[in-house]
Protein chains: 2
Amino acid sequence: MKATTIYDVAKEAGVSIATVSNAINGKGKLSNKKRDEIFKVMERLQYKPSVIASALMGKKTYTIGLLIPDVSNPFFSEIARSVEDLAHSEGYSVIVCSTDNKDDRVEKYIRLLEQKSVDGILIGTGVENADILRQLTEKSLSIVMIAREAVSLKVHSVLTDNFKGGALAAEHLLSKGHRRIAVLSENFKVTSSFERVRGFRFALFEAGIALDEADIISCDSSIRDGKRAAAALIRRENSPSAIFCCNDLLAIGALQAAKETGVRVPEQLSIIGFDDTILSTVTNPALTTIAQPMDQMVKLAFDLLIRSLENTDEIKQRIVMQPELIVRESTGKLNV
Amino acid sequence: MKATTIYDVAKEAGVSIATVSNAINGKGKLSNKKRDEIFKVMERLQYKPSVIASALMGKKTYTIGLLIPDVSNPFFSEIARSVEDLAHSEGYSVIVCSTDNKDDRVEKYIRLLEQKSVDGILIGTGVENADILRQLTEKSLSIVMIAREAVSLKVHSVLTDNFKGGALAAEHLLSKGHRRIAVLSENFKVTSSFERVRGFRFALFEAGIALDEADIISCDSSIRDGKRAAAALIRRENSPSAIFCCNDLLAIGALQAAKETGVRVPEQLSIIGFDDTILSTVTNPALTTIAQPMDQMVKLAFDLLIRSLENTDEIKQRIVMQPELIVRESTGKLNV
DNA sequence: ATGAAAGCGCTAACAA
DNA sequence: TTGTTAGCGCTTTCAT
């Protein structure tokens with residue numbers, strides 16, 4: 001059964017397609033009588049305008065792309081949900097793309113999104129090769145970065161002050177008396193992690209404590225990897241009394257390593273995460289972590305994106321939000 | 001900067017647009033020489049065919065919709081990721097729609113997806129009003145249900161034997177010596193939960209134990225609600241020694257309630273969940289749960305969907321997978 | 001083997 | 001106020 005088109009409506013209502021189009025889009029002048037009549041017919045015929053056809057005329061597709069490392073990672077699935085809600089409330093759909101932080105996937109997905117003429121792209125994944133994005137901006141496809149940034153690129157971005165977040169974590173640990181501290185970081189190509197560690201180390205430095213390179217372990221962003229790395233740390237001769245993990249997944253891995261080796265958290269080992277995902281509320285002990293105000297960030301990013309659809313050559317903003325320490329149970333006073 | 005069109009390519013290659021089109025789609029006959037030349041030009045001009053335009057000609061949009069209750073719920077975000085991977089490997093994009101299990105949202109999203117001419121819809125959310133879906137099938141839009149079913153509707157569906165899963169949970173608890181058992185269920189309008197409870201109760205019945213209506217608590221599907229309900233259960237005079245929760249979220253709520261009231265799991269209270277999400281590996285004690293073979297299910301469902309795009313009037317399948325008991329730490333022998 | 005031209009469903013100038 | 005018509009970028013006959 002073919003779908004009803006604007007022609008069917010026009011014929012049925014005894015008017016031209018232009019009039020129907022005007023009625024739909026509230027353009028031009030037309031008598032109330034005709035308008036009502038047309039709407040009635042549309043209703044009766046269950047007419048739904050084809051987005052495809054109107055997009056071909058250069059109108060919007062009302063579809064945006066969302067690039068994130070992995071939807072199944074709670075941090076990003078929570079972002080996806082917020083984006084989706086905002087988008088739907090404005091009539092947009094969102095195509096979710098999990099990139100696994102791989103540039104070739106990023107490139108492939110972006111190409112796909114381009115072909116589908118999405119109106120804009122929200123990027124919440126690291127992109128090493130800025131050229132991929134540069135091409136986009138040159139094609140004047142709207143993009144805004146969320147929880148990431150692309151220095152050297154003229155795009156909107158809204159992110160957390162990761163340096164500050166790292167410092168917050170360090171201060172908390174310091175205040176609990178910890179001195180031997182290690183960190184589990186994502187690969188440093190992930191700039192947000194880099195900043196977090198930098199802030200962490202800075203705060204330590206301010207307190208007169210040097211963070212040794214050997215105490216910074218680079219991991220993939222997975223529970224398994226966090227567990228492996230933390231286990232190694234625990235086995236060390238002079239093992240740390242606290243571990244700062246660059247995200248909740250790694251922190252959970254550390255929690256598991258502690259459990260397996262019989263190390264009590266927080267009595268013997270304090271663990272602090274980053275992101276404040278649902279996971280951090282679910283562990284036992286619940287995870288102390290650094291929260292990013294994600295809902296606000298998504299709102300800001302989305303609004304920026306939508307606005308830049310209309311107004312393409314606006315000054316690019318870089319909005320930095322403040323992180324917050326959420327103290328739960330996985331950190332405690334150092335037992336001397 | 002306007003995007004390159006097929007006209008640009010044709011002009012540059014000195015051929016007609018039809019020839020370019022043929023070259024792209026491997027249709028018709030054309031000399032290798034011309035073909036190579038055309039591809040070279042496409043490369044040089046960075047030509048990317050517009051999916052929009054070809055969709056308007058009745059071709060596929062290479063976009064599918066995924067309806068689930070909530071992407072931020074790990075069970076569904078894991079599904080979303082699998083769907084996405086399969087889809088992308090076949091050149092499809094997926095539009096994610098979180099319905100919160102509300103029929104009006106389902107309806108709104110479906111309408112949106114229709115307007116965008118998606119090729120098919122994967123439905124992993126309950127739909128109370130089957131009419132919404134019936135309309136779709138009548139319009140010959142391909143849909144397949146995953147982890148849900150729509151009895152009375154001629155659609156493909158792949159799901160787990162929820163009855164069996166419930167029975168598995170009961171048998172496990174029974175084998176540990178539990179007799180006073182309660183259940184936390186989602187609203188019974190969610191048929192999967194209904195089946196789970198039915199299976200659970202059946203297995204109990206077989207063992208000569210009657211499950212009292214008062215021992216079945218109906219909840220929303222959230223940690224908070226699980227906690228609330230479990231806390232009430234724990235406070236009861238003759239409180240149960242084991243709780244079967246219809247999903248991991250509820251089970252985690254129960255775990256939290258136990259922790260707060262100082263009830264030790266599993267020594268004093270056994271808790272079993274359903275779904276085997278990442279959450280169940282993260283809690284402490286780790287959650288015993290019933291797993292659905294989601295990866296296989298998604299694969300099956302996706303293949304069914306893709307196949308039914310070509311072959312619309314095929315016999316509708318109903319594939320039922322077997323659930324599996326995953327024993328972790330939250331269930332144990334009853335202390336008599 | 002290649003091209004001309006019609007048409008997919010819609011919007012927007014322009015006529016009437 | 002309403003209708004006619006020319007595209008948007010592509011696929012697909014049907015000629016050549």
Side-chain angles (χ1 to χ4, degrees), chain A residues 1-39 41-42 45-63 91 111-112 114-119 139, chain B residues 1-39 41-42 45-63 91 111-112 114-119 139:
Chain A
M1 195 176 66
K2 261 178 80 302
T4 13
T5 75
I6 199 172
Y7 286 94
D8 303 323
V9 176
K11 190 189 297 176
E12 188 74 11
V15 297
S16 78
I17 57 166
T19 305
V20 177
S21 177
N22 281 338
I24 295 169
N25 302 302
K27 295 252 183 102
K29 316 273 141 209
L30 58 133
S31 61
N32 285 337
K33 204 171 106 193
K34 278 221 148 70
R35 248 239 339 263
D36 292 350
E37 169 67 9
I38 289 172
F39 277 113
V41 173
M42 295 200 305
L45 266 42
Q46 294 213 57
Y47 169 68
K48 294 179 215 63
S50 155
V51 174
I52 296 289
S54 95
L56 190 56
M57 280 300 296
K59 314 292 284 193
K60 293 196 285 190
T61 51
Y62 284 96
T63 306
R111 230 176 277 297
L112 205 59
E114 253 187 290
Q115 290 195 238
K116 300 201 169 155
S117 311
V118 296
D119 298 328
K139 261 173 247 158
Chain B
M1 195 179 63
K2 261 179 78 305
T4 10
T5 74
I6 199 171
Y7 286 95
D8 304 322
V9 176
K11 191 189 295 176
E12 188 74 11
V15 297
S16 77
I17 58 166
T19 305
V20 177
S21 176
N22 281 338
I24 294 168
N25 301 302
K27 294 252 183 105
K29 314 274 144 211
L30 56 137
S31 62
N32 285 338
K33 205 171 103 191
K34 277 220 149 72
R35 249 238 339 260
D36 292 351
E37 169 66 10
I38 290 172
F39 276 112
V41 173
M42 294 199 307
L45 266 43
Q46 294 213 56
Y47 170 67
K48 293 180 216 62
S50 154
V51 174
I52 296 289
S54 93
L56 190 54
M57 280 301 295
K59 313 290 287 191
K60 293 196 284 189
T61 50
Y62 285 95
T63 305
R111 231 176 277 297
L112 205 60
E114 255 188 289
Q115 290 196 242
K116 300 202 170 153
S117 312
V118 296
D119 297 328
K139 262 174 245 157

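The sequence lines fix the lettering, A, B, ..., with proteins before strands; numbering per chain opens at 1.
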Between B:Y7 and the options B:T4, B:T5, B:V9, the side-chain contact (heavy atoms from CB on, under 4.5 Å) test singles out B:T5
Protein-proximity profile, nucleotides 11-16 of chain D, B/S/- by nucleotide at the 4.0 Å heavy-atom cutoff, equals BB----
_Check this one for me: any side-chain N or O of B:S31 less than 4.0 Å away from OP1 or OP2 of C:dT2?_
yes
Whole-Å distance, A:L56 CG to C:dC10 C1', equals 8 Å
Quiz item: Heavy-atom distance under 4.5 Å between the side chains of B:T19 and B:S16, does that happen here?
Solution: yes
Rounded to whole Å, CD1 of A:I52 lies from P of C:dC10 at a distance of 11 Å
pair A:V15-A:E37: side-chain heavy atoms closer than 4.5 Å: no
message = Could you check whether any side-chain N or O of A:S54 sits under 3.5 Å from a backbone N or O of A:K59, counting only pairs where one atom can act as donor and the other as acceptor?
response = no
Requested in this report: Establish, with yes or no, whether the OP1 or OP2 oxygen of D:dG3 is under 4.0 angstrom from a side-chain nitrogen or oxygen of A:S16.
Outcome: yes
Side-chain donor or acceptor of B:K34 paired with backbone N/O of B:A23 under 3.5 Å: no
Contacts of B:K34 and B:G58 projected onto DNA chain C by closest heavy atom; the upstream (5') one is B:K34
Review point. Would a 4.5 Å heavy-atom cut-off, applied to side chains only, mark B:T63 and B:K116 as touching?
Key: no
